[in-house]
Amino acid sequence: MQIPNVETLNYPTPDQQLYLLVDAFNSAVGGALNCLTENGPQPIAFFSRKLSATETKYSTTDIRHVSGPDNSVADALSRINALNLSTTDLQHLDDSQTKDEELKTLISSNDLFIKLKPFKMGNALEIFCDVSREKSTTLCARGNRFEVFRSLHNLSHPGIRATKRLIQDHFVWPSMLKDIAKWTRCCIPCQRSKVQRHTVSPIQPFSPTFERFQHVHIDLVGPFPPSDGFTVLLACIDRYTRWPEVIPVSDISAEAMAKSFFANWISRFGVPAIITTDEGSQFQSRLLYSLKQMLGIQRIQTPPYHPSSNGMVERLHRTLKQAILCHDTKWTESLPVVLLGLRACIKEDLNVSCAEMVFGKTIVLLEEIFEPSSQTPTDPSEFPLRLRETFRTLKSTPASCHSSISCFVHTALKTCSHVFVRSKD
């Protein structure tokens, strides 16, 4: 190739139309940027590069459409005219400064913090700016302050400190830091998206119980290894006396739960006034609802992800499993012995056993069977009177709480008019 025939590059000019020519081969790609002139297309730049072994496997015809929401940057740049970018109207700014009585007073006063100076804008406009700092800032009238805040803050919704610095670089007005802090806190998009700490309310305590077997906690525990055809246990515990009942079941349907609870608890201790269950499907069926309506039972449903709300029966599960694992026999055979021990144990919060709360005396254990009784016989007719009098003096003991959940309730929650509710979706 001779030197006179070598193509020379031209300088682009703003009024020329540009177009790009590209092509790809198996081992390289190339392109040329041209501009249209009176003498035809003239090159501005060339590009050529050899492809690597991996790049040769790329597809050169894989053109895909990407929707606007998934291609936000390019979509925004292609719609630059549709963006809501506010511009400064000098005429409106001059009129607002002239009509604002507060600014008139500020202009005539000798404020040490603000040094105002008029600047000529064109032939008839005069804008007052603060020149007390290195960079002059425009004096903003009362009617334009919130609009100025919204136009600058809504760009990226910065925090209070960053918003103050952003607006202070361009505008000035009396008490501007106080106004900016107030408006930033009240920004709805910021409140919706900038949640540093969620409200964690404390778990409310249950109402005190005044009678035995008035409030019962129910839950299922399992599955266990199959033993005599049973895999699941229905656990019930009285909130007043802490008396536990654990019934082996093989069917966890709502009908089986209702029958087991009626046959093993209601038939012995009567109908409770309140039962507390979790959100299990067995306890939300129409059958159990009909049973509650027929017997007049109030049901308390614990909230999701808060097993401590039904903590009394949940703690029974832990103790029950530990005791069953300590026995080498089948768990259905060791379950009666375990329940005997649990009912005879002294409860720390009650300082008595649950058997004493139910029967008025301790349970006779196996090693006490052959010990002679040293008590004098009492009249059977006097025993019920003494028992009633004893139970009449008993008071309900609140259950101990072992959870260590840190609660947080914002102080403004008592006085605010609206709140944002977090969705589970």
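Quick note: residue numbers are just sequence positions, from 1.
The shortest distance between side-chain heavy atoms of Lys194 and His157 falls below 4.5 Å. By the 4.5 Å heavy-atom criterion applied to side chains, Lys321 and Arg318 are not counted as neighbours. For the pair Val246 and Leu339, the minimum side-chain heavy-atom distance is below 4.5 Å.
Sorted by first then second residue, the side-chain hydrogen bond (donor to acceptor under 3.5 Å, both in side chains) pairs that include residues 220-231, not counting sequence neighbours, are Ser227-Thr332, Asp228-Lys330, Asp228-Thr332. Listed by first then second residue, pairs satisfying side-chain hydrogen bond (donor to acceptor under 3.5 Å, both in side chains) with a partner in residues 165-181 read Trp173-Asp179, not counting sequence neighbours.
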Please test Lys347 against Glu356 for salt bridge (charged side-chain N to carboxylate O under 4.0 Å, His left out), starting from the C-alpha separation and ending with a verdict. CA-CA 11 Å; Lys347 301 294 181 182; Glu356 292 182 77; over 6 Å; no
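Nearest heavy atoms, Thr241 versus Cys354: O-CB, 3.1 Å. Closest heavy-atom contact between Thr184 and Pro158: CG2-O, 4.0 Å. When all heavy atoms of Ile247 and Ser260 are compared, the pair lying nearest together is CG2-CB, 4.4 Å. Annotation for Arg145 and Ala141: closest pair CG-O, 3.0 Å, computed over non-hydrogen atoms.
Looking at Glu245 and Trp243, their side chains do bring a donor and an acceptor atom within 3.5 Å of each other. Looking only at atom types and distance, the side chain of Arg299 has a donor-acceptor partner in the side chain of Thr277 under 3.5 Å away.
The aromatic rings of Trp265 and Phe261 sit parallel, their planes meeting at an angle under 30°, below the 60° perpendicular limit. Ring geometry, Phe149 versus His153: the interplanar angle falls under 30°, so the pair is classed parallel (tilted spans 30 to 60°).
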